[in-house]
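First the proteins, then the strands, lettered A, B, ... as listed; each starts at 1. The structure presented is a predicted model; accordingly, all values stated were derived computationally and were not measured.
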Amino acid sequence: MIAQVIVDVPVNRTNRPFDYRVPDWLTPIINVGSRVIVPFGPRKLQGYVVGILTQSAEALESTRIKDVEQVLDDTPPLTAELLKMSEWMSKQYLCPWVTAVQAMIPAVLKGKSEKWLTATDALDEETCGNSGLLWELNRKRHLPLAEVEKQFPDEYMLVPGWIHSGLLATEYQVTDRITRKQQSFVKCLLEKEQLAEAIVSLPARAEQMRRVLLLFAEHEGQTFSVQMMRDEHGISRSPLKSLEAKGWIAIEQVEVYRDPYANRRFAEKPKPQFTPLQQEVLAPILQSVQSQSYASYLLHGVTGSGKTEVYLEAIEQTLEKGREAIFLVPEISLTPQMVERFKGRFGADVAVLHSALSSGERFDEWRKIIRKQVKVVVGARSAIFAPFQNVGLIVIDEEHESSYKQEETPRYHAREVAIWRAKENDAVLLMGSATPALETYALATRGRYTLLQMPDRVGNRPMPEVHVVDMREELQAQNRSMFSRKLHEMIEDRLRKGEQMVIFLNRRGFSTFVMCRSCGYTMRCIHCDISLTYHKTNHTARCHYCGYTIAQPAHCPECQSEHIRFFGTGTQKVEAELAKLFPGIRVIRMDVDTTSRKGSHEELLNKFRAGQGDVLLGTQMIAKGLDFPRVTLAGIIAADTSLHLPDFRAAEKTFQLLTQVGGRAGRHELEGDVVIQTYTPEHYSIIHATRHDYPAFYQDEMLQRRRTGYPPYFRLVLITFSHEDVPVVIRGAHTMADYLRPRMAQTTILLGPVASPIARVKDRFRFQVMLKYRDEPHLAELLAQATAAFEEWNKQQKVLMTIDVDPYVLL
DNA sequence: CGCCTAAAATAG
DNA sequence: TATTTTAGGCGC
């Protein structure tokens with residue numbers, strides 16, 4: 001038997017299966033998808049079985065073939081589907097196959113190959129001499145080399161000599177970080193009558209022992225954890241020991257899952273009556289769930305329209321069909337409230353995966369899935385890889401969120417993977433958003449996804465009234481404060497009424513752009529239609545995409561004002577200003593400084609919910625998913641900061657943020673107001689956000705995208721090169737560009753090579769090439785060939801190249 | 001000629 | 001990626 005194994009060496013040269021002989025004793029447990037240890041060159045490495053050959057094995061065995069050394073798990077961590085998906089990802093995203101595999105399984109399963117020192121038979125007490133290291137090795141027989149270097153730095157240099165003289169040898173060991181939590185459980189060994197007799201026979205003063213036995217008498221056949229006996233019944237360890245000694249009970253170690261929600265009870269929430277709108281959108285979704293064939297939906301519903309209830313119903317019906325469901329949420333909105341909602345509805349059938357879990361907890365949640373002990377997974381991006389065998393539904397909430405794009409290799413987008421997975425399983429894909437990504441909405445209007453609309457809020461609550469304040473007028477009226485008169489007035493009003501507020505600082509724009517404070521003019525690139533970024537060092541304004549640069553003007557080109565300069569502001573500054581203007585105001589500030597500690601995020605929100613603050617002040621993180629009944633005002637200090645980012649999605653992101661923030665106010669009985677402060681009130685993203693008009697925004701933004709040649713009209717590939725020498729990295733970028741140019745379609749545009757916006761990172765200079773294409777059916781193959789050609793050239797250099805398909809961050 | 005460092009080759 | 005092999009540079 002021959003196993004084809006991909007090994008944990010994530011480079012292109014080794015990105016293919018290697019053949020290994022499977023020794024007879026491993027043939028019963030090895031499988032496609034198994035995690036194995038194999039010798040590779042002089043080392044031992046972890047690898048994954050991607051194929052097994054039983055016939056024509058002899059031919060292959062003639063070559064120099066090595067044996068599989070070990071199979072690491074009883075059941076393979078990779079299902080056939082995941083393996084197939086990883087192969088697709090490696091082609092689609094041009095990453096090593098093994099990298100795609102490792103993205104799918106918990107980090108603790110990634111084994112590390114280590115070099116160890118072992119004592120040979122020649123080493124005994126006599127040969128140890130006065131060496132501390134040799135004595136230690138004589139006792140333990142082997143030690144990790146890294147440990148030796150740390151503990152015996154003086155003797156480390158002597159090691160090669162001892163190896164040469166045959167006292168010591170080196171070997172490799174692959175170790176993973178799997179740990180399993182054990183808990184002690186108590187079981188009664190007595191029959192009913194025996195138990196009664198035993199209770200009577202106990203001496204009067206054996207009070208605790210009696211209580212234990214009575215507990216077993218009361219709950220016949222049940223087992224109790226030692227911890228629970230102690231916490232709830234006040235029974236200490238020693239009476240249990242005594243009972244065990246009598247042979248009446250047994251204390252056993254049982255493996256348990258690490259569950260951060262173990263001690264929480266989740267209230268079962270009754271299913272609500274669906275609104276007519278909800279029923280309307282549910283009908284086709286549920287029909288697809290029933291038919292068990294591929295279907296994809298975009299649920300476009302305003303904030304507060306009750307999308308979550310639609311998701312929950314679709315999931316419930318999927319489970320009733322005997323299939324499994326994956327529910328993806330952006331990391332930020334995977335709050336305890338959300339978890340509560342799912343646990344309340346689906347109880348123990350839910351596994352939760354998010355970044356706040358420890359690696360052990362994450363592993364345990366994952367094991368619940370692969371052991372088929374749960375039917376629903378709620379999680380962030382990587383939950384799309386849940387090892388289910390019969391996925392019937394994939395829901396992507398807040399579909400437009402950029403956190404679905406992974407920014408390291410493999411640079412996948414969870415939405416793309418979800419589409420693949422839904423097709424593969426004849427499953428239903430349901431994406432929901434109040435502000436869909438342009439790419440998604442465009443495909444929905446062209447029929448690739450079925451578009452479902454929920455334009456009204458539940459209970460016909462009105463959308464909040466949006467007030468746009470032109471900050472240029474404030475300046476003219478001698479108001480130099482960061483709060484407009486309107487916002488100032490409304491804050492005072494809410495303070496008087498004892499209602500709560502959310503004040504939002506659009507900190508994305510902290511990277512500085514150049515703007516005229518008098519007329520709102522911002523400097524933009526003449527080629528790319530994006531804002532220029534201010535460069536302090538040489539006082540220039542510069543385009544991040546194409547490299548266009550001009551000197552920072554002293555006067556505004558539009559209105560000649562001198563008030564043209566770079567722009568930015570911080571949460572602490574806002575907090576100080578609030579305290580100054582409204583003495584006694586209670587501000588809960590949420591930013592990197594106040595939320596870095598684990599659990600502090602939640603703590604602050606609870607504080608706000610409990611009414612211990614008048615204002616919740618923060619950046620994006622407060623704009624999503626939060627639902628506070630007493631919030632009646634949402635204020636945005638400077639809407640422009642995200643509008644003028646050097647990013648073709650700047651307008652889209654601004655529209656999304658304004659809509660999300662607006663959605664925070666007036667979700668319940670109290671009606672809400674939204675105040676948007678801006679220097680460019682005439683910008684379409686602000687006008688349409690004010691009117692809650694997504695379709696109008698979509699129309700305007702699509703015109704821009706068509707004009708500038710960005711998605712959805714063109715798709716992008718960003719190729720980034722880095723090297724410590726500028727001339728070398730430039731040559732590398734040109735080598736790649738020169739290979740690609742003659743082989744691309746006529747309609748494909750290759751931009752660059754130009755210096756990357758962040759031109760130097762960790763003392764390496766960065767250049768980039770951007771491909772804009774409309775129709776390149778074989779692009780992945782072309783890029784793979786180009787990569788091979790590049791690597792041929794790169795043999796003498798050490799230029800690093802990364803390829804980002806459909807990039808989000810263009811830095 | 002031997003020793004050291006750096007680049008190149010290789011991994012089943 | 002980590003390791004071994006090979007090549008070449010340099011002092012004596």
Side-chain angles (χ1 to χ4, degrees), chain A residues 1-24 26-27 30 32 34-72 90 94-103 107 109-118 144-149 156-157 159-161 163-164 168-176 408-410 722-725 728 731-732 762 764 787-803:
Chain A
M1 192 193 256
I2 300 291
Q4 300 182 296
V5 176
I6 52 168
V7 291
D8 184 15
V9 180
V11 290
N12 276 318
R13 287 185 58 83
T14 53
N15 186 28
R16 63 191 170 86
F18 289 85
D19 290 336
Y20 288 88
R21 186 187 297 110
V22 182
D24 290 344
L26 286 176
T27 52
I30 201 164
V32 173
S34 287
R35 205 161 57 103
V36 291
I37 294 172
V38 290
F40 194 72
R43 301 179 284 168
K44 278 178 203 164
L45 292 175
Q46 182 175 296
Y48 302 86
V49 178
V50 299
I52 285 180
L53 308 173
T54 43
Q55 278 122 25
S56 74
E58 306 85 49
L60 287 154
E61 290 201 57
S62 60
T63 61
R64 60 222 154 98
I65 192 166
K66 292 181 181 175
D67 278 11
V68 173
E69 184 160 306
Q70 223 183 113
V71 176
L72 287 163
S90 104
L94 297 128
C95 69
W97 192 353
V98 72
T99 315
V101 164
Q102 318 236 64
L109 292 185
K110 187 181 192 263
K112 185 161 103 240
S113 177
E114 272 181 316
K115 205 170 180 176
W116 287 59
L117 263 191
T118 42
L145 202 62
E147 194 108 325
V148 171
E149 192 175 3
Y156 188 66
M157 53 185 25
V159 168
I163 291 171
H164 189 75
L168 303 178
T170 54
E171 62 167 21
Y172 286 86
Q173 212 161 308
V174 178
T175 46
D176 57 30
E408 309 98 65
T409 319
S722 75
H723 191 271
E724 51 210 345
D725 297 324
V728 178
R731 265 185 281 137
K762 290 179 190 163
R764 296 178 70 91
T787 303
F790 172 80
E791 275 173 3
E792 189 56 36
W793 171 86
N794 200 28
K795 271 180 176 168
Q796 292 95 27
Q797 343 289 328
K798 277 180 297 193
V799 175
L800 283 181
M801 176 174 75
T802 58
I803 299 179

Over how many whole Å does the gap from [X] atom [atom1] to [N] atom [atom2] extend?
{"X": "A:L45", "N": "C:dT1", "atom1": "CG", "atom2": "P", "answer": "13 Å"}
{"X": "A:N12", "N": "B:dT10", "atom1": "CG", "atom2": "C1'", "answer": "16 Å"}
{"X": "A:K795", "N": "B:dA9", "atom1": "NZ", "atom2": "C1'", "answer": "9 Å"}
{"X": "A:Q46", "N": "C:dA2", "atom1": "CD", "atom2": "P", "answer": "15 Å"}
{"X": "A:L145", "N": "C:dA2", "atom1": "CG", "atom2": "P", "answer": "14 Å"}
{"X": "A:R13", "N": "B:dA7", "atom1": "CZ", "atom2": "C1'", "answer": "14 Å"}
{"X": "A:F40", "N": "B:dA9", "atom1": "CZ", "atom2": "C1'", "answer": "13 Å"}
{"X": "A:Y48", "N": "B:dG12", "atom1": "OH", "atom2": "P", "answer": "19 Å"}

**Study point:** Side-chain N,O (A:Y172) to OP1/OP2 (C:dT3) below 4.0 Å
**Key:**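 Affirmative; the distance criterion is met.
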Review point. Are OP1 or OP2 of B:dA11 and a side-chain N or O of A:R64 less than 4.0 angstrom apart?
Key: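 A:R64 to B:dA11 OP1/OP2: side-chain N or O found under 4.0 Å.
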Review point. Quick one: does A:V5's side chain get under 4.5 Å of A:F40's, heavy atoms only?
Key: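 With C-beta onward as the side chain, the pair stays apart.
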Review point. Reckon A:Y20 touches a base, only the sugar-phosphate, or nothing at all at heavy-atom distances under 4.0 Å?
Key: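 Since only primed, P, OP1 and OP2 atoms lie under 4.0 Å of A:Y20, the category is sugar-phosphate.
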Review point. Considering only side-chain heavy atoms of A:P42, which listed nucleotide, C:dT1, B:dG12, C:dT4, is closest?
Key: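 Among the listed nucleotides, the one closest to the side chain of A:P42 is C:dT4.
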**Study point:** Listed nucleotide nearest any side-chain atom of A:F18, set C:dT1, C:dT3, B:dA11
**Key:**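 Of the candidates, B:dA11 comes closest.
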Review point. So which heavy atom on A:A3 is nearest to which on A:V68, and how close?
Key: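 So the minimum-distance heavy-atom pair works out to CB-CG2, 4.2 Å.
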Exercise for review: Please indicate whether A:K66 has more than 12 foreign heavy atoms, meaning atoms of other residues, nucleotides or ligands, lying under 6.0 Å from its NZ.
Suggested key: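 For A:K66, atom NZ is crowded (more than 12 foreign heavy atoms under 6.0 Å).
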Check your understanding: Quick one: do the A:Q102 and A:D8 side chains pair a donor with an acceptor below 3.5 Å?
Key ->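 A pair is found: one side chain offers a donor N or O, the other an acceptor, under 3.5 Å apart.
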